[in-house]
Amino acid sequence: MSESDRPGAALTRRDVLRGGVVAAGVAATGATGASAQETATYGGWFGGGVKGGSVDNFEGTTVDERGSSSVTVQVGANGNGGTFAFDPPAVRIDPGTTVTFEWVSDTHNNVVEEQPEGGDWQGHEPIENTGFSYDHTFQAQGIYKYYCQPHLPLGMKGAIVVGDVEIAPSTEAAGPGWTWPGGDAGVAFVGLLFGTVGLVVLMAASSGGVGAVRRWRRAAVEAASAPLSEAEPGRGLVRELGHDEYDPVGTAALIVIYFLILLVMWIFVYFVEFLGRGPRVIG
Amino acid sequence: MDVHRFEKVWIGVSLVLVVAWIATVTWGAVGPPGIHMIDDSGGTVKPSAIANNAFADTSDFRAPGVYQVGENHYAAYVVARQFEFAPGSAQPIQVPANSRVTFYLTSPDVIHGFEVVGTDVNAMVIPGQVTKMTVQFDGPTSYGVVCNEYCGAGHHTMAGTIEVVPRDQFQPTGTNGTAAGATGGSA
């Protein structure tokens, strides 16, 4: 679970996390002397609020590759709901380090969103497929932000930090998450409302309601099974009509209404809905 | 069988309506509205050529962009891929107002849709096939374009824009042909 896709999540929690990760990083450094890790959110770049989707494969850690002479970033690694991730999403390198971008799945590119003054990274805008790679040597110190155009909405974004520059702490630009209207009072009110309504429904069902339905059903069954009374006065044959002597005027009126509805639908569907929604394919 | 005279009337009216409906659709297709069915006249193209941006190797498709092909006739070449329209998503497809635009659409990966929202311009984009359709645009406005064929995990994000701009603000964006000498589209 990434912190970055929780814009507005309590700062304290992130701070706690940062502290924890830094501590873990320090511990790792102490144990092995290998790279340490740090956390940052790059001014919300990895969140969902600035541009594109939130970066689910970024868990708040920037991989520290200072001291490495060459660094590889995989383009189209697993993440963000498919092969839509840069791996690692955030990496810190020394100035002058060459970074190789290696395509490990299809249909990706690198578009540079932001780079420090003096940065000369062009990214790679043509869409490329598995097996393609290119490299760039990063000289200017600062933070480089980039993304993959086709998968930007899915959160395929990355960052490269060159040198010992400080990464901006969290200033997630997204608005606050959804909260109950009225705060805690609102929650209490909705709880009370649902509780009361539920209680009333339960009581009604258990006492009067069920009994009333039973009584109604019994009456209906009795009515249906009652024998038909025979030879009621006035039900005999009174007058016989020939086929065309009777005019079903009511039926005719109904059919006229049907035809009118069809006519209106016809006009609406074809002339208003279809022809009225230009432009159309004309060739 | 006796058929009541009322019934004779409404059977007759029904038949007239059926004939009228067929006549309406026929009139729409061959009459002034000129509704056209999209066929296979766009030709074919190797999906790998599109995937590798090797547009020079194809005869039925050109580098994505909008080209002028006639006095008031333009050709818009659009690649639909997982998960963008190029052009369309990153940059809008710009076309001049009151012009006739022939779209050429294809895909390097899977089947996509190209639906200009709220209009009757709506087609499938098929790998290996060039979808060709001509549209008459009116005054300056903006349309949304969505993919309406499920195409993968990011399908719901696949959308773009068509901007119909005043003629004096329009710049052809096609890159492998000049405005005057272009020969790509002649629909």
Side-chain angles (χ1 to χ4, degrees), chain A residues 52-53 76 79-84 105-109 111 125-132 147-156 242-256 258-260 262-263 265-267 269-271 273-283, chain B residues 2-7 9-10 13-14 17 20-21 24-25 27-28 32-38 41 48 50-53 79 81-86 89-90 100-103 108-109 116 118-123 132-138 143 152-154 156-159 162 164 187:
Chain A
N80 301 318
T83 52
F84 313 126
S105 63
D106 294 347
T107 321
H108 303 291
N109 69 355
V111 181
E125 297 212 9
I127 307 278
E128 302 290 354
N129 296 324
T130 311
F132 178 81
Y147 60 88
C148 167
Q149 177 64 49
H151 308 121
L152 175 64
L154 299 169
M156 188 162 171
H243 187 268
D244 275 359
E245 282 176 282
Y246 176 65
D247 289 343
V249 179
T251 310
L254 210 58
I255 283 171
V256 167
Y258 288 160
F259 275 126
L260 286 178
L262 283 174
L263 269 175
M265 290 299 169
W266 173 28
I267 291 164
V269 167
Y270 195 85
F271 295 92
E273 186 86 344
F274 182 61
L275 289 188
R277 289 200 327 168
R280 299 182 288 276
V281 176
I282 54 168
Chain B
D2 278 334
V3 179
H4 192 278
R5 62 182 188 285
F6 277 27
E7 285 180 308
V9 171
W10 61 63
V13 174
S14 316
L17 271 184
W21 286 329
T24 307
V25 173
W27 169 79
I35 310 291
H36 192 81
M37 290 292 138
I38 297 166
S41 65
S48 59
I50 303 298
N52 298 326
N53 300 314
V79 173
R81 61 166 70 90
Q82 293 168 316
F83 302 98
E84 66 161 6
F85 297 105
S89 294
R100 179 170 286 218
V101 177
T102 302
F103 287 92
D109 40 44
V116 182
T119 76
D120 296 330
V121 181
N122 182 357
K132 179 180 166 190
M133 59 181 179
T134 301
V135 173
Q136 175 74 36
F137 284 103
D138 295 334
Y143 296 102
H156 60 290
T157 68
M158 187 165 169
I162 293 175
V164 184

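Below, chain A is the first sequence line, B the second, and so on; all start at residue 1. Computed over heavy atoms, backbone and side chain alike; hydrogens, waters and symmetry mates excluded.
- Summarising the geometry, atom CD1 belonging to A/Ile282 is positioned 3.5 Å from atom CZ belonging to B/Arg100; distances are rounded to the nearest 0.5 Å.
- For the set B/Gly28, B/Ser89, B/Gly118, the count of heavy-atom pairs under 4.5 angstrom toward chain A peaks at B/Gly118.
- Heavy atoms of B/Ala20 lying under 4.5 Å from chain A belong to its backbone as well as its side chain.
- Judged by distance alone, with hydrogens and angles left aside, the side-chain atoms of B/Asn53 form a donor-acceptor pair with the main-chain N or O of A/Ile127 at under 3.5 Å.
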A/Val281/B/Lys132 under side chain to side chain contact (heavy atoms under 4.5 Å, CB included): CA gap, chis, key distance, verdict: CA-CA 10 Å; A/Val281 176; B/Lys132 179 180 166 190; over 6 Å; no
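- With sequence neighbours excluded, the residues satisfying ring pair (Phe, Tyr, Trp, His ring centres under 6.0 Å) with B/His4 are A/His243, B/Phe6.
- Comparing A/Gly82, A/Gly53, A/Ala252 by heavy-atom pairs within less than 4.5 Å of chain B, the highest count is held by A/Ala252.
- Across every non-hydrogen atom of A/Leu275 and B/Pro33, the tightest pair is CD2-CB, 3.9 Å.
- Interface residue B/Tyr143: only side-chain heavy atoms are found under 4.5 Å from chain A.
- Heavy atoms closer than 4.5 Å to chain A are found nowhere in B/Asp138, neither backbone nor side chain.
- Taken to the nearest 0.5 Å, the CD1 atom of B/Ile35 stands 4.0 Å off from the CZ atom of A/Phe274.
- For B/Ser41, no part lies under 4.5 angstrom from a heavy atom of chain A.
- Residue with the most contacts toward chain A among B/Arg81, B/Gln136, B/Met158: B/Arg81 (heavy-atom pairs, distance under 4.5 Å).
- The aromatic rings of B/Phe83 and A/His151 sit perpendicular, their planes meeting at an angle over 60°, well past the 30° parallel limit.
- Heavy-atom pairs under 4.5 Å with chain A peak, among B/Val13, B/Thr119, B/Ile38, at B/Thr119.
- At a 4.5 Å heavy-atom cutoff, the contact between B/Asp2 and chain A is made by backbone and side-chain atoms alike.
- Of the inter-residue distances, the one linking B/Trp10 atom CH2 with A/Phe259 atom CZ reads 9.0 Å to the nearest 0.5 angstrom.
- Looking at B/Val9, neither its backbone nor its side chain comes within 4.5 Å of chain A, counting heavy atoms on both sides.
- The choice from A/Gly278, A/Gly276, A/Pro248 that makes the most heavy-atom pairs within less than 4.5 Å of chain B is A/Pro248.
- Chosen from B/Glu7, B/Met37, B/Arg5, the residue pairing most often with chain A at heavy-atom distances under 4.5 Å is B/Arg5.
- When every heavy atom of A/Gly81 is checked against every heavy atom of B/Ala153, the shortest pair comes out as O-CB, 3.3 Å.
- Residue B/Val3 touches chain A through its backbone alone, counting heavy-atom pairs closer than 4.5 Å.
- Looking at A/Ile255, only its side chain comes within 4.5 Å of chain B, counting heavy atoms on both sides.
- Chain A forms the most heavy-atom pairs under 4.5 Å with one residue out of B/Asn122, B/Val116, B/Val79, B/Val25, and that residue is B/Val25.
- Interface remark: A/Leu152 contributes no atoms to any contact with chain B (heavy atom separation under 4.5 Å).
- A distance of 5.0 Å separates CG of B/Asp109 from OG1 of A/Thr107, quoted to the nearest 0.5 Å.
- Proximity to chain B is limited to the side chain of A/Phe84, based on heavy atoms less than 4.5 angstrom apart.
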Residue pair B/Thr24, A/Phe271: steps toward the side chain to side chain contact (heavy atoms under 4.5 Å, CB included) verdict: CA-CA 9 Å; B/Thr24 307; A/Phe271 295 92; 3.5 Å; yes
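- No other option in A/Asp247, A/Leu262, A/Thr251, A/Val249 has as many heavy-atom pairs under 4.5 Å with chain B as A/Asp247.
- Applying the salt bridge (charged side-chain N to carboxylate O under 4.0 Å, His left out) rule to B/Asp120 yields the partners A/Arg277; only residues at least two apart in sequence or on another chain are considered.
- What you find for B/Thr157 and A/Pro153 is that their closest heavy atoms are CB-CB, 3.3 Å.
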